[in-house]
Amino acid sequence: REATFAIREGGDGGLTIEGIAVPYGEQITGTPEYGGLTEEFQLGAFAGHTRSVVIDVHYGTPVTGKVALRETPDGLMFEGKLLDTDRAREFATLVREGVFGPSIEFEPGEIARTKTGIVHKAVRSVGAIAGTYRAAYSGSFAVRHIAGSTVTDIQEPPGAEPGATPNPA
């Protein structure tokens with residue numbers, strides 16, 4: 001599974017963007033928040049989050065109106081219309097040329113330790129889906145935490161056995 005952007009033309013002459021924003025069960029390492037620990041998302045992590053927006057780059061300018069979010073066994077899917085702006089048209093070109101892939105901006109909520117890192121069980125909020133050229137997941141995915149946790153903020157439940165500490169990559 002790969003996080004992807006796909007652009008298609010609609011019957012009204014406008015452009016639709018869709019894809020997988022977050023693949024479930026895929027692990028990454030090297031995020032600023034968790035360093036050498038693995039980070040992944042499980043099905044249900046985005047439950048209750050039904051709308052977002054696509055922006056050109058992290059903390060950038062919207063290139064869509066609201067996009068619909070829905071969870072599937074493969075990951076968090078999204079779909080919406082690109083705006084009729086120069087920036088959105090340039091964004092579409094970069095996506096079609098394979099320069100940009102999706103990256104989710106979110107605020108962590110419920111997380112759990114795994115043997116090698118953490119798994120997001122429920123996110124607190126979704127900021128946006130951003131275009132990124134620096135992929136982290138499956139060749140085309142990165143994550144940006146909009147607030148909150150660093151690895152030192154992970155609290156183990158009382159009596160829990162922490163997993164093996166991974167070796168830094």
* **Heavy-atom side-chain contact between Met77 and Leu69 under 4.5 Å** => no
* Asked: Can you get from Tyr133 to Val63 by hopping between Ile, Leu, Val, Met, Phe, Trp and Tyr side chains that sit under 4.5 Å apart?
  -> yes
* So, for Ile20 and Gly75, which heavy atoms are closest and what is the spacing to 0.1 Å? -> CG2-CA, 4.3 Å
* Structure fact -> Here the pair of heavy atoms bringing Leu83 nearest to Pro62 is CD1-O, 3.8 Å
* **Co-membership, hydrophobic cluster, residues Val119 and Val126, 4.5 Å side-chain** => no
* Which residues pass the side-chain hydrogen bond (donor to acceptor under 3.5 Å, both in side chains) test with Gln42, sequence neighbours left out? -> none
* Check: Arg113 side chain, Gly117 main-chain N or O, donor-acceptor pair, under 3.5 Å -> yes
* Asked: Counting N and O atoms only, with roles assigned by atom type, does the side chain of Thr64 sit under 3.5 Å from a partner on the main chain of Lys66, one being a donor and the other an acceptor?
  -> no
* Asked: Could you state the interatomic distance from CZ (Arg70) to CD (Glu79), rounded to the nearest 0.5 Å?
  -> 7.5 Å
* **Transitive ILVMFWY side-chain link Leu94 to Ile129, under 4.5 Å** => yes
* Using only heavy-atom distances, determine whether the side chains of Thr132 and His58 contain a donor-acceptor pair under 3.5 Å. => no
* By side chain to side chain contact (heavy atoms under 4.5 Å, CB included) - contacts of Arg96 (at least two apart) -> Ile7, Glu9, Leu15
* Asked: What is the distance from atom CG of Leu37 to atom CD1 of Ile118, rounded to the nearest 0.5 Å?
  -> 8.5 Å
* **Residue pair Lys115, Thr38: steps toward the side chain to side chain contact (heavy atoms under 4.5 Å, CB included) verdict** => CA-CA 9 Å; Lys115 287 184 178 186; Thr38 62; over 6 Å; no
* **Considering all heavy atoms, the nearest Ala21-Ile104 contact** => CB-CD1, 4.3 Å
* To do: Please test Lys81 against Asp12 for side chain to side chain contact (heavy atoms under 4.5 Å, CB included), starting from the C-alpha separation and ending with a verdict.
  => CA-CA 11 Å; Lys81 297 278 188 192; Asp12 61 359; 4.0 Å; yes
* To do: Would you check if the distance from the ring center of Phe91 to the ring center of Phe100 is below 6.0 Å?
  => yes
* Shortest non-hydrogen separation from Gly80 to Val67 and the atoms involved -> CA-CG1, 3.6 Å
* Asked: Glu105 and Tyr59: side-chain donor and acceptor closer than 3.5 Å?
  -> no
* Asked: Going by the angle between their ring planes, with limits at 30° and 60°, are Phe41 and His120 parallel, tilted or perpendicular?
  -> parallel
* Asked: Quick one: which of Thr114, Ile28, Thr116 gives a side-chain contact (heavy atoms from CB on, under 4.5 Å) with Glu39?
  -> Ile28
Let me have the donor-acceptor pairs involving side chains of residues 43-56, under 3.5 Å, with sequence neighbours excluded, atom names and distances please.
residue : atom : partner : partner atom : Å
His49   : NE2  : Val123  : O            : 3.2
Asp56   : OD1  : Thr61   : N            : 2.7
Asp56   : OD2  : Arg87   : NH1          : 2.8

* Asked: Are there more than 12 heavy atoms of other residues, nucleotides or ligands under 6.0 Å from atom CD of Glu110?
  -> yes
* Apply side chain to side chain contact (heavy atoms under 4.5 Å, CB included) to Tyr24 and Thr72, showing your working. => CA-CA 9 Å; Tyr24 293 141; Thr72 72; 5.8 Å; no
* Asked: With the threshold set at 4.0 Å, does a side-chain nitrogen-carboxylate oxygen contact exist between Glu40 and Lys121?
  -> no
* Hey, does Phe78 have a side-chain heavy atom less than 4.5 Å from the side chain of Ile17? -> yes
